[in-house]
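Below: one structure, written as structure tokens.
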Amino acid sequence: MADSSKKMQIVFASAECAPFVKTGGLGDVAGSLPAALVRAGAEVIVMVPKYATIKDEYKARMEHFSDFYVSLGWRNEYCGLEKLEHDGVTYMFIDNERYFARDYPYGFFDDGERFAFFSKAITESLQHLPEGFECDILHCNDWQTALAPVFLREFYQGLPLYDRVKTVFSIHNVAFQGQFSDTVMEDILGVAHIPAAASQLRCDACSINYMLGALRYADAITTVSPTYANEIQTPEFGEGLDGVLRERSYALQGILNGIDVAGFDPATDKRIAANYTVEDRSGKAVCKAKLQEELGLEVRDDRPLMVMVTRLTRQKGMDLVMYALDRILAGGVQVAVLGTGDRDYEDGLRYFQDKYPGTMAARIEFDPALSQRMYAAADMFLMPSKFEPCGLSQIIAMRYGTLPIVRETGGLKDTVIPYNEFTGEGTGFSFSNFNGDEMGDAVFRAARLFWDNRDAWNQLVTQAMSQDFSWTRSADKYLDLYFFMHPEIERPAAVVDEPEAVAEPVAAEPEPKAEEKPAVEAEVKPAAKPAAKKTTARKATAKKATATKAAASKTTAAKTTTAKATTTRKRTTAAAKKVAEAEVAPEVKAETATAEAKPAAKAPAKTAAKKTAATTKKATAAKKTTATKSTTTKATTTKAAAKTTPKAVAKPAGKVEETPSESKAEAAVEAKPAAKTTTRKRTTTTAKKATTKAAAPKAEAKAEDKPAVKAEPAPKAAEVKTAPKATAKTEPAKEAPVSPAAKTEEKAPTKKTSVRKATATRKRH
């Protein structure tokens with residue numbers, strides 16, 4: 001039973017979190033995802049180190065909540081919990097000045113020890129949380145928190161409070177794994193004496209890997225885009241962890257990041273020169289002119305402005321930029337780059353700025369306010385990453401109506417729809433290979449659209465700005481995972497997009513019902529319509545039986561033939577219609593994946609319908625042949641039958657595609673029974689039944705071949721005409737004695753004949 005009173009309670013652990021401390025995309029995720037989870041009805045506590053770089057305004061609002069000691073190898077370290085409520089989310093800052101009172105979050109000689117302490121403090125603090133908060137999900141992010149699932153399993157498993165905790169580990173960039181000397185295993189982690197832990201953390205003879213530990217110990221693994229989740233399972237992108245990721249692929253999924261749509265909103269952003277919306281983008285032109293002026297570029301609206309806000313590293317595609325920049329700038333595209341990184345790239349950008357004054361601007365610095373102005377002012381945003389787990393810059397660019405030019409990798413492939421010049425769809429431009437010429441071509445595809453077809457360009461901008469990249473959608477997917485791991489907790493109905501999650505299993509069940517329904521209708525409706533026809537047919541059968549007996553005396557033969565000719569035409573048409581309608585049901589049934597018992601039970605009924613149709617047609621020819629003894633009269637009667645049969649077949653042929661195939665079957669079958677007509681009089685009834693029996697297997701065989709007939713509907717009209725001619729020629733030709741096999745077949749249906757006669761008699765009375 002699901003507990004409707006309990007909320008999902010999540011501890012979200014991250015080494016950085018906006019707005020307190022941020023160096024990259026992880027800070028944005030930790031700053032936005034917990035708030036979206038809270039809005040969706042969960043309770044969330046975010047755990048972050050209390051760095052010295054956190055602004056004093058936030059520190060002043062912190063409340064000392066608890067303190068305790070954390071054992072780390074042979075040492076006991078102080079840990080304080082400083083509580084802060086911010087935008088509806090509870091933050092717990094892990095306080096230890098020896099480890100965290102530094103000028104920058106990472107990059108120190110003792111990072112292995114610092115973040116081992118952080119991971120241990122997270123697991124220890126689960127028993128020091130506010131009253132009523134019992135952690136259901138411990139969600140860890142990147143290598144800095146990767147040891148928490150390991151510690152939880154090795155040191156805390158079996159304790160009542162920890163038994164319910166499920167762990168989720170998110171990979172934001174698999175390239176940063178936290179590799180350290182194996183000496184830390186005993187000295188800091190204290191797990192060297194635990195063989196399972198020691199072997200699962202080790203990545204080579206003398207090193208351990210924090211992220212490897214999380215991948216092996218966590219209950220579920222996520223990464224920040226579906227494409228990246230696939231890529232990291234390959235040697236090219238897996239950074240040595242592809243093997244373990246393939247092993248645990250059943251626990252791995254990619255969930256696309258979102259952005260803070262309220263913080264990144266061109267309609268309300270105070271950091272940009274002029275506000276604008278998707279409907280009225282006049283403010284964007286103002287932003288472009290102001291930025292061109294600020295960066296020393298020519299203030300021209302007719303030149304496309306392309307910007308980059310990035311780390312200057314090979315991973316971000318700077319090799320391609322250096323290769324193609326000469327061609328791009330010479331081609332008339334303005335370029336502005338903001339960022340810091342490798343010295344070679346910094347110097348290269350300064351060189352191009354000097355070579356192309358007024359066209360190229362390089363700002364080798366970190367300036368968040370300037371980055372915002374660049375997002376708003378530019379026409380194009382270049383992001384040619386070698387690999388990109390998710391990427392937020394291209395999403396922010398689209399939000400501000402700046403079309404991204406990206407390489408098809410990771411989250412870039414998942415978020416940017418390439419422009420299609422034929423359909424007009426798309427939200428940007430892309431290229432496949434890590435190649436400078438391909439990147440240059442993509443830039444000029446965008447530039448040419450800007451120059452040559454401004455209407456198409458503006459439509460593309462509208463489509464890009466209309467995309468939904470809010471955290472609401474991503475949070476819902478994370479909640480799907482959390483509730484899957486804790487099925488005993490009832491998911492609140494207020495969760496956004498909840499119906500989608502519920503709709504999946506429900507949609508799976510009605511499918512058979514939806515398919516069953518037409519099947520039932522197909523069976524019931526034909527049954528309802530031909531009810532009267534069946535009676536007529538049976539009455540006609542009774543008349544036929546009487547007429548057959550009367551045929552023994554030559555005096556009544558001529559009268560009976562005339563009456564029968566009319567009746568047979570009606571009966572043949574009715575039977576053919578019945579076959580046409582009855583065959584609708586098997587087609588529908590063949591599609592349904594229901595139990596085979598029903599189709600099996602109904603198959604004989606359909607076969608019987610086919611038998612009836614076949615019998616009536618053959619009976620026409622047989623009876624007319626019996627009516628007179630002379631060969632001349634027989635030939636005339638056969639021609640009359642040939643005329644009657646096309647009418648009977650042609651009518652339903654227009655409605656049901658299978659009828660021509662039946663005509664073929666009948667033509668083949670009629671060749672045999674025609675020989676039996678020489679027996680005349682008494683044999684006529686038996687011959688009719690033998691024909692029915694002989695028709696049954698062949699009709700069934702044809703029924704199985706129906707798809708082949710369906711696939712070639714064109715020749716059917718020809719088939720309809722051909723079949724009767726074959727019958728007309730074959731009937732008088734074959735007057736050979738009945739074979740023993742045919743005699744056996746003749747005897748077989750005598751019981752059925754009696755039953756049908758009896759039924760017909762009952763109907764008549």
Side-chain angles (χ1 to χ4, degrees), residues 11-24 26-27 29-31 34 44-86 89-130 133 135 138-148 150-152 155-156 176 178-181 183-191 208 210 366:
V11 171
F12 192 93
S14 173
E16 56 184 84
C17 176
F20 313 108
V21 57
K22 175 191 159 183
T23 64
L26 174 58
V29 173
V44 185
I45 290 177
V46 181
M47 291 197 171
V48 196
K50 187 185 176 187
Y51 298 109
T53 51
I54 295 173
K55 290 180 181 177
D56 289 338
E57 61 178 281
Y58 296 122
K59 286 180 182 174
R61 288 167 49 199
M62 290 180 192
E63 167 200 339
H64 181 73
F65 182 76
S66 177
D67 55 74
F68 45 89
Y69 281 85
V70 174
S71 62
L72 202 64
W74 51 266
R75 47 184 88 61
N76 275 327
E77 290 291 343
Y78 167 83
C79 175
L81 291 181
E82 305 293 323
K83 184 181 174 186
L84 172 66
E85 298 279 348
H86 181 72
V89 181
T90 302
Y91 295 87
M92 290 284 188
F93 291 89
I94 304 290
D95 181 25
N96 181 300
E97 291 193 358
R98 189 158 83 84
Y99 290 134
F100 302 129
R102 306 187 188 186
D103 295 335
Y104 196 75
Y106 322 122
F108 299 97
F109 74 97
D110 61 345
D111 275 359
E113 183 178 337
R114 294 171 69 223
F115 291 105
F117 166 77
F118 182 45
S119 295
K120 192 71 177 288
I122 291 163
T123 52
E124 185 67 28
S125 63
L126 295 185
Q127 51 196 311
H128 298 277
L129 297 178
F133 193 103
C135 178
L138 174 57
H139 191 147
C140 302
N141 296 271
D142 270 354
W143 73 266
Q144 296 91 346
T145 59
L147 287 175
V150 181
F151 290 142
L152 191 76
F155 297 140
Y156 296 89
F176 304 107
Q179 293 188 17
F180 302 97
S181 164
T183 56
V184 306
M185 199 135 51
E186 184 56 36
D187 183 54
I188 295 168
L189 311 186
V191 295
I208 66 165
Y210 285 13
F366 177 71

The test is side chain to side chain contact (heavy atoms under 4.5 Å, CB included); show your working for Leu147 and Lys120 and say whether it passes. CA-CA 7 Å; Leu147 287 175; Lys120 192 71 177 288; over 6 Å; no
Dump the intermediate steps for salt bridge (charged side-chain N to carboxylate O under 4.0 Å, His left out) on Glu77 and Arg98, then the final yes or no. CA-CA 9 Å; Glu77 290 291 343; Arg98 189 158 83 84; 2.5 Å; yes
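Within the model, atoms CG of Leu72 and SG of Cys79 stand 11.0 Å from one another, a figure rounded to the nearest 0.5 Å. Atom CZ of Phe12 and atom SG of Cys135 lie 12.5 Å apart (nearest 0.5 Å). Here CZ of Phe115 is found 13.0 Å from CD1 of Ile188. Values are rounded to the nearest 0.5 Å. A distance of 8.0 Å separates CG of Asp111 from CD of Gln144, quoted to the nearest 0.5 Å.
A salt bridge does not link Glu82 with Arg61: every distance from a Lys NZ or Arg NE/NH1/NH2 to an Asp or Glu carboxylate oxygen is 4.0 Å or more. Taking a cutoff of 4.0 Å between a charged side-chain nitrogen and a carboxylate oxygen, Arg75 and Asp187 qualify as a salt bridge.
Closest non-hydrogen pair, Leu189 versus Ala116, comes out as CD2-CB, 3.6 Å. Scanning both residues, His86 and Pro19, for their nearest heavy atoms gives NE2-CG, 3.9 Å. When all heavy atoms of Val70 and Ala121 are compared, the closest pair comes out as CG2-CA, 4.0 Å. Of all non-hydrogen atoms in Gly190 and Phe155, the two that sit nearest each other are O-CZ, 3.6 Å. The two atoms that bring Gly31 and Pro34 nearest to each other are C-CD, 4.4 Å, heavy atoms only.
Using a 4.5 Å cut-off on side-chain heavy atoms (C-beta onward), Asp142 and Phe176 make no contact. Within the 4.5 Å cutoff, the side chain of Tyr156 has heavy atoms near those of the Gln127 side chain. Here the side chains of Tyr106 and Thr23 are in contact, with some heavy-atom distance below 4.5 Å. Side chains of Leu129 and Val11 form a contact here, defined as non-hydrogen atoms less than 4.5 Å apart. At a threshold of 4.5 Å between non-hydrogen side-chain atoms, the residues Leu81 and Asp95 do not count as touching. Inter-residue side-chain proximity for Phe93 and Met62 is flagged as met; some heavy-atom pair is nearer than 4.5 Å. Between Phe117 and Ile94 the shortest side-chain heavy-atom distance falls below 4.5 Å.
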Pairs under 3.5 angstrom only: tabulate donor-acceptor contacts from the side chains of residues 48-59 to other protein residues two or more places apart or in another chain.
residue: Tyr51; atom: OH; partner: Ala15; partner atom: O; Å: 2.6
residue: Lys59; atom: NZ; partner: Ala52; partner atom: O; Å: 3.0

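No more than 12 heavy atoms of other residues, nucleotides or ligands lie within 6.0 Å of OH in Tyr69, so this atom counts as exposed by the packing criterion. Within a 6.0 Å radius of CD in Glu97, other residues, nucleotides and ligands contribute 12 heavy atoms or fewer.
You'll find the ring centres of Phe180 and Tyr210 inside the 6.0 Å limit.
Judged as a ring pair (Phe, Tyr, Trp, His ring centres under 6.0 Å), and not counting sequence neighbours, Phe65 has no contacts.
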